[in-house]
Amino acid sequence: MATIAHAFTEQNSNQTSTGAYADITGASIASSNFTVGKKYLVLITAQIALSASDDDGGLRVAHGGTAFVDSESQYECTLGVNNRETYKWFTVWTAVSGEAITLQAARTAGTTATVNIDQIAMFTMNLSDDLVENTDWFFAEDVIDLAITTTFQDGAIVTFTPGTVSQDWLVMTEARIKNTNTTNRLRTCINRSGEATSSLPETSCQRPGTTTTGTMYVCDRVFNLGTASNTFKERSASITSNAHTRYYSAIFILNLNKFRNHANAYTEADQALSATDYATQLQTISITPDIISDVLIGGWWGFDCGNSPRDAEFRIQVDNVDQPAGQTTDNYQFEFSSDLDDEEHMTLITMLNLSAAAHTIDLDASTNSVSATPAGQYSSLWAFTMELPAAGGGLSIPVAMKHYRDMRV
């Protein structure tokens, strides 16, 4: 059996920043993990908070000390001091000699806040050697600045026709949007057309302040596809009236059947959240690796706050043990809501080595108050081993792909 080349690191001790962008201790993947000229999926999540009101903090990813321009995401603290927000960013990167991948943090506005960063997970996977671009995986970007209107507008787009029926495809979208006011909600979603139509999951929020470079908004979902043409898009809109600017949009699609074992589940309906910490199980899956294997796990859900302001908590557990460790003890409060109609994303990835036995993975959540019935929605949980199957997975045949790219790093 073959293991796909990959690397993973995590930093589960809270790190701080009070100055300009700099590498975070323990948040790097060394250059020795990359082969020059090969393409890699880079996937990173983290949790960020600020200690003082009205200051801003930011996260971004760098290669060899040079920032990926479109990875920067800024967060303002105008509601809950020390409440966390989730950061997620992905790209496909062609490795350069001597360049490591690092996560950087900064205080980007104000003079008093400490930026706190915890539960950092960094994953890279070689896409060149065992998978086929535009067959097993797809990546597209749109780097054109766009003034958002009340009508959904296309960002990155991928169109393809799978060659094998009933396979599972992970679809991830991201949009970096600058909110130009604090009165109009912004919205981004995964849009599907062709074989079937949908515009969920989505994330929607009215930001409590404005940022300079924008904030990253992401969506995840696994789709089981037939052998008809499918088009997936990141789409963005402004609610009530035209506002906000989308600076960047991207989409990544991966055939999970190319891996030896995988599992996934998605629940669209609202699930009422308990006020008891982590008492609501939003999603659960079971995976049984054929052999001992590293397993990448991803969780995503939308927090329908129901009222404002509102806090939430969430965690992932494997066999009823926190993964990553420390989530239950930390009991971080995630507060995004500045509007009672907010539907904010919460997400993380993690990896651990699992034995050749059945393992249960749970996504748990809760809220600080059940008044107005806050809910979890679009709950997604997926996992796949880093082992490749004995025989290759099914092929998919690309039909067309809209693929905006430029040479920015």
Side-chain angles (χ1 to χ4, degrees), residues 8-30 42-89 100-123 176 207-218 277 309 311-316 322-336 344-351 368:
F8 180 79
T9 189
E10 58 185 5
Q11 170 58 276
N12 296 324
S13 297
N14 189 68
Q15 303 298 304
T16 62
S17 175
T18 57
Y21 274 109
D23 291 349
I24 300 170
T25 300
S28 66
I29 295 180
V42 179
L43 177 59
I44 295 172
T45 60
Q47 300 173 358
I48 181 173
L50 288 92
S51 66
S53 179
D54 296 322
D55 283 5
D56 291 358
L59 292 171
R60 70 183 188 188
V61 183
H63 59 99
T66 300
F68 290 96
V69 172
D70 293 308
S71 68
E72 184 175 7
S73 186
Q74 289 188 2
Y75 304 87
E76 64 284 322
C77 180
T78 58
L79 288 175
V81 171
N82 290 321
N83 281 13
R84 300 270 162 165
E85 298 198 38
T86 59
Y87 171 83
K88 180 176 183 178
W89 182 74
I101 298 293
T102 59
L103 183 64
Q104 300 181 334
R107 182 171 62 204
T108 55
T111 59
T112 59
T114 296
V115 182
N116 293 282
I117 315 98
D118 203 352
Q119 303 295 0
I120 299 167
M122 305 178 66
F123 171 75
R176 185 164 62 90
R207 301 299 301 183
T210 59
T211 58
T212 302
T213 62
T215 303
M216 197 71 70
Y217 302 91
V218 297
D277 287 350
D311 292 353
E313 305 85 29
F314 78 103
R315 71 184 180 192
I316 285 179
D322 284 7
Q323 181 58 41
Q327 297 171 91
T328 302
T329 301
D330 289 339
N331 192 27
Y332 288 141
Q333 304 299 295
F334 295 82
E335 177 183 48
F336 299 92
E344 285 283 356
H345 73 266
M346 302 200 182
T347 185
L348 65 82
I349 63 164
T350 187
M351 174 177 278
N368 64 324

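Small disclaimer: the values here were computed from a predicted structure and weren't measured.
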Check whether any side-chain heavy atom of L103 sits under 4.5 Å from a side-chain heavy atom of Q11, and report yes or no.
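Answer no - side chains too far apart.
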Close side-chain approach of L348 to T86, heavy-atom, < 4.5 Å
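Contact flag for L348/T86 side chains = no.
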Mutual orientation of the aromatic rings belonging to H345 and Y217 [parallel < 30°, tilted 30-60°, perpendicular > 60°]:
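Ring orientation of H345 relative to Y217: perpendicular.
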Parallel, tilted or perpendicular: which one describes the rings of Y87 and Y75, with boundaries at 30° and 60°?
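Plane angle over 60°, so perpendicular.
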Any idea which heavy atoms bring [X] and [Y] closest together, and the distance?
{"X": "I48", "Y": "G57", "answer": "CD1-C, 4.2 Å"}
{"X": "N12", "Y": "P324", "answer": "ND2-CB, 3.5 Å"}
{"X": "G65", "Y": "Q104", "answer": "O-NE2, 4.3 Å"}
{"X": "D55", "Y": "A113", "answer": "OD2-N, 2.7 Å"}
{"X": "D70", "Y": "M216", "answer": "O-CE, 3.1 Å"}
{"X": "Q323", "Y": "M351", "answer": "NE2-O, 3.3 Å"}

Test side-chain contact (heavy atoms from CB on, under 4.5 Å) applied to S28 - qualifying residues, sequence neighbours left out
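Listed in chain order: T102.
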The criterion is side-chain contact (heavy atoms from CB on, under 4.5 Å); which residues satisfy it with T16, sequence neighbours excluded?
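For T16, the residues satisfying side-chain contact (heavy atoms from CB on, under 4.5 Å) (neighbours in sequence not counted) are N14, T114, N116.
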I'd like to know if the side chain of [X] and the backbone of [Y] have a donor-acceptor N/O pair within less than 3.5 Å.
{"X": "D311", "Y": "N368", "value": "no"}
{"X": "S17", "Y": "V115", "value": "no"}
{"X": "Q327", "Y": "A325", "value": "no"}
{"X": "R176", "Y": "S73", "value": "no"}
{"X": "T215", "Y": "Q74", "value": "yes"}
{"X": "E10", "Y": "Q119", "value": "no"}
{"X": "R315", "Y": "D322", "value": "no"}

Distance, nearest 0.5 Å, that separates [atom1] of [X] from [atom2] of [Y]:
{"X": "Y332", "Y": "E313", "atom1": "OH", "atom2": "CD", "answer": "13.5 Å"}
{"X": "D330", "Y": "Q47", "atom1": "CG", "atom2": "CD", "answer": "8.0 Å"}
{"X": "M122", "Y": "I44", "atom1": "CE", "atom2": "CD1", "answer": "4.0 Å"}
{"X": "T350", "Y": "F8", "atom1": "OG1", "atom2": "CZ", "answer": "4.5 Å"}
{"X": "I120", "Y": "D118", "atom1": "CD1", "atom2": "CG", "answer": "7.0 Å"}
{"X": "L59", "Y": "W89", "atom1": "CG", "atom2": "CH2", "answer": "12.5 Å"}

Among side-chain atoms of Y21 and E72, is any donor-acceptor pair under 3.5 angstrom?
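Yes, side-chain donor-acceptor contact under 3.5 Å.
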Just to verify, what does T108 make a side-chain hydrogen bond (donor to acceptor under 3.5 Å, both in side chains) with, not counting sequence neighbours?
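In terms of side-chain hydrogen bond (donor to acceptor under 3.5 Å, both in side chains), with neighbours along the sequence ignored, T108 is linked to no residue.
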